[in-house]
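Values reported hereafter were calculated over all heavy atoms of this structure, with side chains retained and with hydrogens, waters and symmetry mates removed.
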There are 2 protein chains.
Amino acid sequence: MPNSTPRRLDDQLCFAFYSVSKKFNHFYQDALKPFHLTYPQYITLLALWETSPMTVRELGSHLNLDSGTLTPLLKRLEKQGWISRKRSDQDERQVNVALTDYALQKRDEVYARVNSCVDLISFDNMDYQQFLGSIHHVMDELDTISDKNLIHES
Amino acid sequence: MPNSTPRRLDDQLCFAFYSVSKKFNHFYQDALKPFHLTYPQYITLLALWETSPMTVRELGSHLNLDSGTLTPLLKRLEKQGWISRKRSDQDERQVNVALTDYALQKRDEVYARVNSCVDLISFDNMDYQQFLGSIHHVMDELDTISDKNLIHES
DNA sequence: AGCAATTTAGTTGCACACGATTAATTACCT
DNA sequence: AGGTAATTAATCGTGTGCAACTAAATTGCT
């Protein structure tokens, strides 16, 4: 309770992440327009291009998304022909999400398009790995705090 | 830095921003729970605690949000007693958004709560200013690209 | 085997975000 | 002054995100 002066910097860090995230979203929305893909749909495909098939839960833990977000998103991807959804025979609670032949064929084309757009961003005079490390440090801190549930007391 | 081969999801800058942004959102959602405020509502109040009143457009340019997002958000803030909305007399196209006495009274309490939560995050062994600078560098790059409309050709 | 606890995906409701459009108002221009 | 362009907020439609809940299937325990 001690400190009631607005802490500009911390708000700025949070707001900076918030703003950059939206800008990246817009950037990818443009880049992916030829394929009619949104950014969340794209990262879903990215995960599947790494490993397919996956259950909804496995996908969710890779992307930090729950079924409430994924189920409708996956239905849209299915309708557009990128993936198939089939209940597992071994465990009927699970749904296996697999890439279609169309998605496998389109992969390199999507990569090429995205890379050509990402190439436009200049990361000069910036230590990319250290930067990524700092972001992950913040991410880990936020995870630790929410695990500890320290926030909920008082 | 970028090459033509697909990069792994975890290595990607955009995914890191996307993930941290969601975690920050969750963090603030917890911190602001006593006030029944969401993070976008909080930053709206933050802007107004700096300058009140503001038109919807002015607010939007501070927060990078358009009226499609702000109008319903402001209606919710109004219903909860934080702000008032009144069409301007000078220019009836504009709507002046002003803090209520309630919001002015609650300001320090909100600050204290947020600060006590932010205190839990440890930014040890991290060059904070350089980090914030890198984030803004990425933000500027993304702005430059979307301004140039380079993405839309090809 | 029988039954409670757990796991999994889906559903619902709410709150952003934003593109596209609309309606009202104001500015501009000759 | 009068008509067109520009500005402003609101509205609509689509797509996330996520908390809370539901239904079905599986696991675990006795």
Nearest to the side chain of [X], heavy atoms from C-beta on, is which of [options]?
X	options	result
T55(B)	dC18(D), dT16(D), dA9(D)	dA9(D)
R76(B)	dC18(C), dC16(C), dA25(D)	dC16(C)
L65(B)	dC18(C), dC16(C), dG10(C)	dC18(C)
T69(A)	dT8(D), dC16(C), dT16(D)	dT16(D)
H26(A)	dG17(D), dG19(C), dG10(C)	dG19(C)
R57(B)	dC16(C), dT16(D), dA9(D)	dA9(D)

Contact class for [X] (heavy atom, under 4.0 Å): base, sugar-phosphate, or nothing?
X	result
D91(A)	sugar-phosphate
N96(B)	nothing
L70(A)	nothing
Q90(A)	sugar-phosphate
Q41(A)	sugar-phosphate

Problem - Contact nearer the 5' end of DNA chain C, comparing E92(B) with V56(A) - result: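 Upstream on the strand: V56(A).
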
Problem - L77(A) side chain reached by L73(A) side chain, heavy atoms, under 4.5 Å - result: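 Result yes, sub-4.5 Å side-chain heavy-atom pair found.
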
Practice task
Take atom CZ of R87(B) and atom P of dA10(D), then tell me their distance rounded to the nearest Å.
Solution key: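 Whole-Å distance recorded here is 6 Å.
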
Exercise for the section: Quickly work out the F24(B) CZ to dG17(D) P distance and round it to whole Å. Expected result: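 Going from F24(B) (CZ) to dG17(D) (P), I get 18 Å.
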
Exercise for the section: Tell me, please, which residues at least two apart from Y18(A) pass ring-ring contact (aromatic ring centres under 6.0 Å, His included). Expected result: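 For Y18(A), the residues satisfying ring-ring contact (aromatic ring centres under 6.0 Å, His included) (neighbours in sequence not counted) are F15(A), Y39(B).
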
Handout entry: Test side-chain contact (heavy atoms from CB on, under 4.5 Å) applied to V97(A) and L70(A), step by step
Key = CA-CA 11 Å; V97(A) 180; L70(A) 276 177; over 6 Å; no

Practice task
Decide if the gap between the ring center of F131(A) and the ring center of F131(B) is smaller than 6.0 angstrom.
Solution key: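 Yes.
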
Practice task
Select from K23(B) and R85(B) the residue whose nearest nucleotide in DNA chain D is closer to the 5' end of that strand.
Solution key: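 Looking at the nearest nucleotide for each, R85(B) comes out on the 5' side.
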
